[in-house]
Amino acid sequence: VILYILLCGYPPFNGANDDQIIKKVKAGKFRVDDEEWETISENAIDLVHKLLEYDPSKRISAAQALQHAWIVEKSVVKIDFNLARKTLSNLKNFSVSIDLSILILFF
């Protein structure tokens, strides 16, 4: 989720309130076809998909993520400062209070 936010500036499971966010998390569906994703590499998008895989048995581990081509290639990242400001603003406003049993179901 954090990688997704850092790449595009907003969370993969967004909503007007906690209930909407939890509903989207439970559905496990997210998008990478908005305007913000046009400049993101295919390797980065692939890593996001593998990290946000809904089925835990199919989701890659942290160790596997560190071996992913996008991490290993050490590509130079151009910083979009407008996107960075938007991301920081969204992270400051991001707070979710949820029942831990819901998280256990997801993971």
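- The line from CD of Q67 to OG of S61 is 9.5 Å long, rounded to the nearest 0.5 Å.
- Residues V25 and V1 fall within the same hydrophobic cluster, defined by Ile, Leu, Val, Met, Phe, Trp and Tyr side chains chained together at heavy-atom separations under 4.5 Å.
- For the pair D34 and R31, the tightest heavy-atom approach, listed with the atom from each and the gap, is OD1-NH2, 3.6 Å.
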* **Chi angles and distances behind the side-chain contact (heavy atoms from CB on, under 4.5 Å) call for I21, K24** => CA-CA 5 Å; I21 293 169; K24 289 183 179 181; 5.9 Å; no
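- The closest donor-acceptor contact from the side chain of R59 to the backbone of Y54 lies under 3.5 Å.
- With rounding to the nearest 0.5 Å, the separation of OH in Y4 from CD1 in I45 is 9.5 Å.
- Q64 contributes atom CD, which lies 11.0 Å from atom CG of L47 (distance to the nearest 0.5 angstrom).
- The hydrophobic cluster containing L6 does not contain W37, counting ILVMFWY residues as joined when their side-chain heavy atoms lie under 4.5 angstrom apart, directly or transitively.
- In this structure N43 satisfies the side-chain contact (heavy atoms from CB on, under 4.5 Å) test together with S41, H68, A69, W70, E73, sequence neighbours excluded.
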* **Pair V32-I40, side-chain contact (heavy atoms from CB on, under 4.5 Å): steps then yes or no** => CA-CA 9 Å; V32 292; I40 306 300; over 6 Å; no
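- Taking CD1 of I60 as the start and CG of L52 as the end, the distance is 10.0 Å to the nearest 0.5 Å.
- Annotation: side chain to side chain donor-acceptor pair (under 3.5 Å) contacts of Q20 (sequence neighbours excluded): none.
- Legend: residues meeting side chain to side chain donor-acceptor pair (under 3.5 Å) with D55, ordered by chain and number and at least two apart, are S57.
- More than 12 non-hydrogen atoms from other residues, nucleotides or ligands lie less than 6.0 angstrom from CG of L66.
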* Given the rule in the side-chain contact (heavy atoms from CB on, under 4.5 Å) test, do I5 and N90 qualify, once you have shown the distances and angles that lead to the verdict? -> CA-CA 9 Å; I5 294 169; N90 285 337; 5.6 Å; no
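- Scanning both residues, A65 and I71, for their nearest heavy atoms gives O-CG1, 3.4 Å.
- In the hydrophobic clustering of this structure, L83 does not group with F30; members are Ile, Leu, Val, Met, Phe, Trp, Tyr whose side-chain heavy atoms approach within less than 4.5 Å, directly or through other members.
- Comment: D19 does not engage K23 in a salt bridge, judged by the lack of any side-chain N to carboxylate O separation of less than 4.0 angstrom.
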